[in-house]
Amino acid sequence: MSTGYSNTADVILLDIEGTTTPVDYVFGVLFPFARDYVADFLTTHQQDAQVQTDLQWLRQEYETDLAQGLSVPDWQETEVTGAVRYIHHLIAIDRKSTGLKSLQGKIWDQGYRDGTLRSQMFADVKPAFERWTTAGKRLFIFSSGSVQAQQLLFRHSEVGDLTVFISGYFDTQTGSKKEAESYRKIADAIGIAPEKILFISDVTAELKAAQVAGMQTLFSIRLGDHSSDSEGFAAIHNFDNV
């Protein structure tokens, strides 16, 4: 397999979990926070139009799960927070659900605004953002978390507001991170040839999809990542030499 990296990119597209941010922060802080507060949040905000949209997406997903014969917790129709057990289930299995990710972003917004949450970044991230933007490169994010959640994470980081370096964000509404068409859509949205985009992720299936779409790729190996097997992709342990 070609390493897919030639250092000629004008745009850098980044994954978050395991690439800019420790996996432990996502699984050990963000997911438990959303799980613990979802019932209270729905009790207070369930009539908000955007929350209603999230619940409609989740209900459609629930019905699909039932139709496929999957074992899922009951959706309690008569309870104000009837979706909570199903939402807990989706969080536990880390499903890349658009409805779940959108709802989580709204819950995390509350935590970031009151100071309960402060997102973690690897030490080399801010210096790299500064270096890349000074060199004229544009930065974009592609994550399964909602655009709102992405913006919150980079705005409320322990090293300050990093959104000033980022030109745009993409989430699952663009498509699956494991499908080449998603990366073609991103290139079209940015207005640049895929060959001029470098995508960095800790998931080789995502890198394969980006490579099929024509992008340059790098495999991120960070402390706590799920895998260190690059499967032939050029690998980095930090952004220092990118």
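Keep in mind the model is a prediction, meaning the values are calculated, not measured.
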Query raised in the report: Given Gln216 and Phe199, is the side-chain contact (heavy atoms from CB on, under 4.5 Å) satisfied, shown in steps?
Result: CA-CA 6 Å; Gln216 301 178 46; Phe199 177 55; over 6 Å; no

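Under the 4.5 Å side-chain criterion, counting only non-hydrogen atoms from C-beta, Leu139 is in contact with Thr133. A heavy-atom distance below 4.5 Å is not found between the side chains of Val147 and Phe170. Looking at heavy atoms from C-beta onward, Lys177 lies in side-chain contact with Asp15 at the 4.5 angstrom threshold. Residues Asp202 and Ile221 are not in side-chain contact: their nearest non-hydrogen atoms beyond the backbone lie 4.5 Å or more apart. The shortest distance between side-chain heavy atoms of Phe27 and Glu17 falls below 4.5 Å. In this structure, the side chains of Val11 and Leu198 stay at 4.5 Å or more apart for every pair of heavy atoms. Between Ile186 and Phe142 the shortest side-chain heavy-atom distance falls below 4.5 Å. Taking 4.5 Å as the limit, every side-chain heavy atom of Val23 sits out of range of all side-chain heavy atoms of Arg222.
Side-chain polar atoms of Ser143 and Gln150 form no donor-acceptor pair below 3.5 angstrom. For Asp54 and Ser102, the side-chain atoms include at least one donor-acceptor pair closer than 3.5 Å. One side chain, Ser97 or Glu61, offers a donor N or O that lies under 3.5 Å from an acceptor on the other. Checked by atom type, the side-chain pair Gln173/Thr98 shows no donor-acceptor distance below 3.5 Å.
The two residues Val51 and Gln46 come nearest to each other via the heavy atoms CG1-CA, 4.0 Å. The nearest pair of heavy atoms linking Leu70 to Arg95 is CD1-NH2, 4.1 Å.
In the displayed structure, Lys178 atom NZ is contacted under 6.0 Å by at most 12 heavy atoms of other residues, nucleotides or ligands. Counting non-hydrogen atoms of other residues, nucleotides and ligands closer than 6.0 Å to CD1 of Ile93 gives a total above 12. Surrounding CD of Glu181 are more than 12 heavy atoms belonging to other residues, nucleotides or ligands, all under 6.0 Å away. By the neighbour-count criterion of 12 heavy atoms within 6.0 Å, atom CZ of Phe31 is densely surrounded, having more than that number from other residues, nucleotides or ligands.
With Trp108 contributing its side chain and Leu30 its backbone, the two residues share a donor-acceptor pair below 3.5 Å. Remark: side-chain polar atoms of Thr217 are not paired, donor with acceptor, to backbone N or O of Ile200 under 3.5 angstrom. Remark: the backbone N or O of Tyr62 is paired with a side-chain donor or acceptor of Tyr86 at under 3.5 angstrom.
Residues Asp109 and Arg113 are paired through a salt bridge, judged by an N-O separation under 4.0 Å between the basic side chain and the carboxylate. Comment: Lys101 engages Asp94 in a salt bridge, judged by a side-chain N to carboxylate O separation of less than 4.0 angstrom. With salt bridges taken as basic N to acidic carboxylate O contacts below 4.0 Å, none links Asp240 and Arg131.
A cation-pi contact links Arg59 to Trp75, judged by a cut-off of 6.0 Å to the six-membered ring centre and 45° from its axis. Arg155 forms no cation-pi arrangement with Tyr112, by the criterion of a distance under 6.0 Å to the ring centre and an angle within 45° of the ring axis. Under the 6.0 Å distance and 45° angle rule, Lys106 does not count as a cation-pi partner of Phe41.
Atom CG in Leu55 sits 6.5 Å away from atom CG in Leu103 (nearest 0.5 Å). Leu207 contributes atom CG, which lies 9.0 Å from atom CD of Glu231 (distance to the nearest 0.5 angstrom). Remark: Leu58 CG to Asp65 CG distance equals 10.5 Å, nearest 0.5 Å.
Between Phe129 and Phe165, the ring planes are perpendicular. Angles over 60° get that label, and only those under 30° would be called parallel.
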